Structure formats: C-alpha cells, structure tokens
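Since the structure is predicted, the reported quantities are computational estimates derived from the model, not experimental observations. Values reported hereafter were calculated over all heavy atoms of this structure, with side chains retained and with hydrogens, waters and symmetry mates removed. Letters A, B, ... mirror the listed sequences (proteins, then strands); counts begin at 1.
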Amino acid sequence: MEHDTVRVRIAPSPTGALHLGLARTALYNWLFARGHNGVFILRIDDTDENRNQPEMLAPILDGLRWLGLDWDEGPEKGGPHAPYFQSERREIYQQAVDRLIACGAAYRDYATTEEIAAEREQARAEGRTFRYSRRWMAETAADCARFEAEGRRPVVRLKMPDAGTLVVDDLIRGRVEFDLGLEQDHVIQRQDGSFLYHLTSAVDDALMGITHIIRAEEHLSNTPRQIFILQSLGYPLPKFAHLPYVAEPGSKNKLSKRKLKEYLKKPDFAELLARGEKIARRLGLDTSPELFNPVVIDFYQQTGFLAEALVNYLALLGWSYDDRTEFFTPVELVERFALERVVRSPASFDPNRLMAFQVHYMMALPVAERTGLVLPYLVRAGLVSEPVSPEVRQRVERIVTAAGDRIKVAGDILDYDYFFVRDEELVYDEPAVKKWLGGEQQCRMLARVRELLAGAVQFESEVLMRVLEDFARRENVKGMAVSQALRVAVTGKDYGFGIGDVLSICGKERVLARIDRVLERDRF
RNA sequence: GGCCCCAUCGUCUAGCGGUUUAGGACAUCACUCUUUCAAGGUGAAGGCACCGGUUCGACUCCGGUUGGGGCCA
C-alpha cells in the first residue's frame, strides 16, 4: 500500500466559476499529491447536460492555473484513464450498473414517484424512519416485463444491506460509524438512463486508481453508499479525508456565492468587493455579481491580487503548521502540508486576513516587479498606451515607489490616474476643493506658491519640500494648508502620498497648469 | 424528522493531562510618529459554550446539555 503512487483528484462541475471552497479543496489535494510525489487529477463532472458548456469550464481551468495548481491528468492534458469528462464515460457507468444488478447490489425499481412519496408519508405518519419497501423491485426478467406491461419505467436503485455497521476511517475525522440499516436504496440511474453522482464518482475513482479522496465534509454522509458501490464492484477502497467546509464571513454557514447580499452587510466583505468593482469598472469588466465577487477566484485575478497570497491564505484556512508560522512559499507548503494537521471545524472566510497576506506579498516584491504588475492595468484603462516607453515606465515606477503599500492590489494603481489624465479631464473632489481652496485667502496663497514653484530650478521631491517649508514659515501659514491646497489643485483630492513626490512626479509644467486651472475655476 | 460532523479571543489558529497568569496572527482600541491619507513604532483589550464525571490535577479524556453545520428525507 505504501508503495502505491498517491493519486488524488478533484471533480468539479463546470459551473462557470472557481469558488473559494473548491479552490481550497483543490489546493489541499494538490499539496498532498506534490508532497507525496503523487498524481493530481482533474476530472470534470459534467453529467448535467443543461449546464454542460465549454465556456463554463474555462474559468475553472484558468483559476487553477493562475493559482499554480497544475494537474497531471485531465482536460487539455489527457492521461491513461481518459476521457476525464464524465459526459463521455456513459458506457463505463452503464457497465458498472449492469454489474451491480447482476451481483445483486442493485435492482431495477418500477415504483412511481407518487408511490414512493406515499410510502414516505405513511412512514412519517407512523412515526418510523422511511425505508423503501421494495414493492416494485424487479428481480427477474418476468418482473420487468410485468411492470412494463403496466406502463411503468424503471430506475436503478442500490440494494443496501438491511443491517450492519459501516466504518469509515477518515484521515481527518477518525473513525466514523454508520448504521447501514438506516441507509436508503438510492437511485443510481434515472429513468432517462442518466447516472447519479454517487455512482459516477465511485466508479471513476476506482477506475482512475484514486488512492486518497480528499473532499469537502458534505460528502461524509454519502460515503457509506459509495463504499458499498466500490465493495460490490470488487474495487479496493481508497482512503478518505473529509475537509471542513469554508464558511461565510463571520458565521459558520457554508460559503455560497448565492448569498452575496448577506455578505455585503459585513463591512470587510463589502469593502473588498467595492475595491474590486472600482477597478473592474475602469477596465470595463462585467461586474455582475454572478461572475464578479470575492467568493470567486476570478475576482482576485482580475483585480490584481497575487496568487501566492491567495494560496498562502487558503492553505491556512483549515490547516496550520505550528503555532506561529504564517508565511509559506508554495515549496514550503508542499513540504509541510499534512492531512493530520487539517482542522476539523469549519473556517470562515475573512477578507481582512486575506488582505493582510496580499499586502505582505505585494510589498515583498521589488518595485520593478510591482511596476510590471501594475502597468497592464494602466494600459487596459486607456491611461497608458502600448508599447510602454521607458519614460512612462520610469514614471510609473516612481508612483509605485511613492505609493508604497497604498497599492495593495495591482489594480489600485488606478487610484493614481491623475498622473495620467489630461489636465482638463482631472476630476475634482468638490468638498476637498471647498475645504482647501474655498476661500479668497487660500487662493491668494496658492497663487504665491505657484510663482515660487514657477521659479524652482530643481523639481525634485526633497527640494520642493524645503521650498514649501520655507514658504510656510515666511508667510506664517500652516504647512498643511500649503500642501493640501497644492494637492487638491494638482490631484483633485485631499489625500494621497507625500506632496513632494506628487509635485515631482507630476512635473513642473503640469503642476503650474493645473494650479492655473483651479485658480481660474474658482473665480466663478 | 433520522443520521453524521463540529465547538479555544470578533476571525484564522497553537494547545495532543501538570512546562499555561491559555501562545501567535488578522481585525479592534489607545498612545506615538507624520505638513494630508496610509504605513511604521509602542501598548491595551479580548477566548477554553454549559453541566456532570474520570484523575492528585483537565482547555486537553468520557458522558450529557446547548449551539452551529452537513447529508438524507
């Protein structure tokens, strides 16, 4: 057993988005595989015809790739157990169902939905747990013929044992016991011939040689029937590891992208989304909540988060190495990740903590690299044209340096659009204008500062700062009054990084022009 | 309703019977620095859900209660 190659898988449905919870499950599987020299398999659960569209799969593949979770077998890669799309494996499932029927582990059932419902209702009325009576179970070809003569159509059900205990030795949860006498005869094939999840999943896991099933906790209750299928078919059992699910911000409910409205009541979550939307709108991206929200990996990719930050955060959402290490490179994660140290209780998604990781990783990058990350956003917002000239690049680098960790995600560069727009396009924050340039005196002071700056030979940050300080002292005004008046005139806002840097990066000509514009504007 | 899982600061977690006045991180608050906004520095506040056992000793083991969640209906 120990010598077998570790083989793990994730089996997402093509739903159009890579959800945070799935991303974490994928990460844990990937870490486990890489840490054991194993194989990470991607299998697509696209048995639901209605949603089976290629464009719904792309975001999931892109998201996994972006996170660095490369798969060894699966879509685009192929592999020895192809096809990896369940929609293409129907014959395999049919054979499995036939075998299950042949060995008595499953049966054709001709009951109608109404008849089953009636039985269930009766059980409830009598206060006992419902279990199907198998009254319309067909055991022979004659049975089938008879039922079909009545116009009935069969489903295939598992014929679960009447009694007994099934034990799952879960790698994370330990020993979990189930009373087989309480299990239902679940349907594994519908009337229309389509197959149900438990069947396809168990069969594929066996056929693909999966050794460890690492999946979310909600599947724990389903494990007995999958084990029953596996055993009935004569396959060896994989090991199971059921992960706690990822919960909502500030609660223990399972995270769901359908409950976005509720999450928005949480300030942290709302702030994160607002940050993303601000960026996305500038890029002309679709910000409809279905596709663009912090529950979905694509959101982070689009707004300029670093994959390392997400990976580090996700790794720690339900796992820890020790009592203090919080930063891990992917290599360290691979080395240290262990299922035994996965926590058993659900962990809620905390935007703040994620942001803290993002800032850490962002600031760890050299300025040149951060500049490289930020430039595409300027280009896509139409503020910088391609190819990017060395001058522009250097200018952006200066902004990135001056901004420091105000640029938390790459898209935040768009907050500094005032360095790129034409003077007449500059947007002024009216309250700020009113506050710092609303009065006659303030404008007169700005006019004098303008003359001072017009005479400046060197337009560098430190020099300018000294000039402004001297000016404030001489005129007996507060330094802040000077710097803020200038800031509003040049950037339109009353916040931002150091005024010396602002002026210097903006450049003398433009600074003077913008001051003139503001002074002009205020006369009316 | 039945079955299963879970339970340490607001959040993520460390803790695997005594080394613990329960440690770290994020968030929060205060002070400090600062010619704006951030950041930085210093510090504070904040938790073992409850009740029984077992034990010389329980956050740690067992049982129950409560609460939360999941699956099946």
Side-chain angles (χ1 to χ4, degrees), chain A residues 116-117 119-121 123-125 127-132 166 168 170 172-186 198 216-225 242-255 266-269 271 312-327 340-360 363 402-408 412 415 432 435-436 465 468-469 471-473 477-488 491 493-500 502:
Chain A
I116 295 282
E119 281 199 4
R120 185 174 298 128
E121 183 49 40
R124 208 169 64 89
R128 59 186 167 79
T129 309
F130 165 71
R131 251 199 139 194
Y132 174 45
L166 186 136
V168 178
D170 192 275
I172 293 170
R173 269 144 225 283
R175 184 187 170 89
V176 183
E177 292 186 8
F178 294 90
D179 183 350
L180 283 173
L182 262 19
E183 289 289 320
Q184 304 292 340
D185 285 356
H186 281 99
H198 301 294
E217 176 192 346
E218 55 255 40
H219 295 289
L220 181 54
S221 310
N222 307 330
T223 306
R225 72 190 88 127
H242 286 94
L243 308 171
Y245 55 88
V246 175
E248 304 171 343
S251 107
K252 291 296 181 196
N253 294 342
K254 202 175 124 186
L255 187 68
K266 296 275 172 188
D268 304 341
F269 190 90
E271 201 182 308
N312 199 150
Y313 172 73
L314 251 20
L316 255 21
L317 196 63
W319 170 84
S320 72
Y321 175 66
D322 58 18
D323 64 334
R324 56 197 61 236
T325 316
E326 29 169 5
F327 299 112
E340 296 72 57
R341 286 196 63 88
V342 171
V343 173
R344 276 185 287 269
S345 50
S348 45
F349 168 58
D350 179 2
N352 273 329
R353 194 164 147 82
L354 169 57
M355 212 59 202
F357 277 103
Q358 167 61 22
V359 171
H360 172 88
M363 291 315 287
D405 67 1
R406 290 175 185 82
I407 297 179
K408 299 184 196 306
D412 285 342
D415 285 343
K435 181 172 180 190
W436 300 103
M465 285 303 281
L468 295 180
E469 276 164 28
F471 173 83
R473 209 172 303 127
V477 293
K478 282 199 169 168
M480 191 164 78
V482 179
S483 63
Q484 288 297 79
L486 270 171
R487 184 188 303 284
V488 172
T491 71
K493 300 171 181 168
D494 61 354
Y495 57 89
F497 49 77
I499 189 65
V502 169

For B:C71 and A:Asn222 - does any side-chain N or O of the residue sit under 4.0 Å from the phosphate oxygens OP1/OP2?
no
Rounded distance in Å between the C1' positions of B:U35 and B:A44:
30 Å
Residue closer to the 5' end of RNA chain B, A:Leu354 versus A:Lys408 (nearest nucleotide)
A:Leu354
In terms of the angle between their ring planes, are A:His198 and A:His186 parallel, tilted or perpendicular, with boundaries placed at 30° and 60°?
tilted
Nearest-Å distance for atom pair NE2/P, residues A:His219 and B:C71
9 Å
Could you measure between the two C1' atoms, the one in B:G53 and the one in B:U19, and give it in whole Å?
27 Å
Base, sugar-phosphate or nothing for A:Gly498? Non-hydrogen atoms, less than 4.0 Å.
base
Taking only the side-chain nitrogens and oxygens of A:Ser320, find out if one of them lies under 4.0 Å from OP1 or OP2 of B:A14.
yes
Regarding the side chain of A:Asn253, the nearest nucleotide among B:G68, B:G24, B:G70 is B:G68
Minimum side-chain heavy-atom gap A:Glu248-A:Lys254 below 4.5 Å
no
Do other residues, nucleotides or ligands put more than 12 heavy atoms under 6.0 Å from A:Arg344 CZ?
no
Considering only the P atoms, how many Å lie between B:C16 and B:C62, rounded to the nearest integer?
16 Å
Taking atom C1' of B:G70 as reference, at what distance in whole Å does atom CG of A:Asp170 sit?
14 Å
Nearest of B:C72, B:C4, B:U35 to any side-chain atom of A:Ser483?
B:U35
Which value, in whole Å, describes the distance between the P atoms of nucleotides B:G47 and B:G69?
24 Å
Would you mind classifying the nucleic acid contact of A:Arg406 as base, sugar-phosphate or nothing, using non-hydrogen atoms under 4.0 angstrom?
base
What I'd like to find out is whether the side chain of A:His242 reaches to under 4.5 Å of the side chain of A:Thr223, using heavy atoms alone.
yes
How far, in whole Å, is B:A14 from B:U8 if one measures between their P atoms?
10 Å
A:Arg487 has an atom CZ; how far is it from atom C1' of B:C37, in whole Å?
7 Å
When you look at OH of A:Tyr495, are more than 12 heavy atoms from neighbouring residues, nucleotides or ligands closer to it than 6.0 Å?
no
As a test of reading the structure: which of B:C26, B:C72, B:G69 is closest to the side chain of A:Asn352, going by heavy atoms?
B:C26
For the pair made of CG in A:Asp322 and C1' in B:A25, what is the distance, rounded to whole Å?
11 Å
Below 4.0 angstrom from OP1 or OP2 of B:C12, is there any side-chain N or O of A:Arg353?
no
Name the nucleic acid region contacted by A:Phe497, choosing base, sugar-phosphate or nothing; use a 4.0 angstrom heavy-atom cut-off, strictly under.
base
Inter-nucleotide C1' distance (B:G23, B:G46), Å rounded
14 Å
Can you figure out which of B:A27, B:C12, B:C5 approaches the side chain of A:Val176 most closely?
B:C5
Counter-base of B:A58, judged by Watson-Crick or G-U geometry with both distances under 3.5 Å:
none
Compare side-chain N and O positions of A:Ser345 against OP1 and OP2 of B:G68 and report whether any pair is under 4.0 Å apart.
no
Measuring only the P atom in each nucleotide, how far is B:U21 from B:C48? A whole number of Å is fine.
15 Å
Residue A:Glu469, side-chain atoms from C-beta onward, closest of B:C37, B:C5, B:U35
B:U35
Which is true for A:His186 with a 4.0 Å heavy-atom rule: it touches a base, it touches only sugar-phosphate, or it touches nothing?
sugar-phosphate
Compare all side-chain heavy atoms of A:Tyr245 with those of A:Leu255 and state whether any distance is below 4.5 angstrom.
no
Any strand: nucleotide that pairs with B:G1 via Watson-Crick or wobble, under 3.5 Å
B:C72
Contact class for A:Arg131 (heavy atom, under 4.0 Å): base, sugar-phosphate, or nothing?
nothing
Establish whether the base of B:C6 is bridged to the side chain of A:Arg173 by a donor-acceptor pair shorter than 3.5 Å.
no
Pairwise P distance for B:A45 and B:G64, with rounding to whole Å:
39 Å
Are there over 12 heavy-atom neighbours, none belonging to A:Tyr321, within less than 6.0 Å of that residue's OH?
no
Touch class at under 4.0 angstrom, heavy-atom based, for A:Gly404 against every strand present
nothing
Compare the minimum distances between each of B:U13, B:C72, B:G24 and the side chain of A:Arg324, then state the nucleotide with the smallest one.
B:G24
Could you tell me whether A:Arg175 atom CZ has more than 12 heavy atoms of other residues or ligands within 6.0 Å of it?
no
Out of B:G23, B:U11, B:A38, whichever nucleotide has its closest atom nearest the side chain of A:Ser348
B:U11
Across every strand shown, the nucleotide meeting Watson-Crick or G-U wobble geometry with B:A49 (both distances under 3.5 Å) is B:U65
Against the side chain of A:Asp350, the closest entry in B:C5, B:U11, B:A14 is B:U11
What's A:Met465 touching, base or sugar-phosphate or nothing? Going by heavy atoms closer than 4.0 Å.
base
Could you give the distance from CG (A:Asp405) to NE2 (A:His360), rounded to the nearest 0.5 Å?
12.5 Å
Which whole-number value in Å describes the distance from A:Tyr321 OH to B:A25 P?
19 Å
Nearest to the side chain of A:Asp405, which nucleotide is it out of B:G24, B:C71, B:A39?
B:A39
Who is the Watson-Crick or G-U wobble partner of B:U28, with both distances under 3.5 Å?
B:A44
Check whether any side-chain N or O of A:Arg341 sits under 4.0 Å from OP1 or OP2 of B:G15, and answer yes or no.
yes
When the nearest nucleotide of RNA chain B is assigned to A:Val343 and to A:Tyr495 on a heavy-atom basis, which residue is associated with the more 5' position?
A:Val343
Which of B:A25, B:C5, B:C26 is nearest the side chain of A:Glu326? It is B:A25
How many whole angstroms separate atom CD of A:Glu177 from atom C1' of B:C71?
18 Å
Starting from C1' on B:C37, measure out to CH2 on A:Trp436 and report it in whole angstrom.
12 Å
What's the CD-P distance between A:Glu248 and B:G68, to the nearest Å?
14 Å
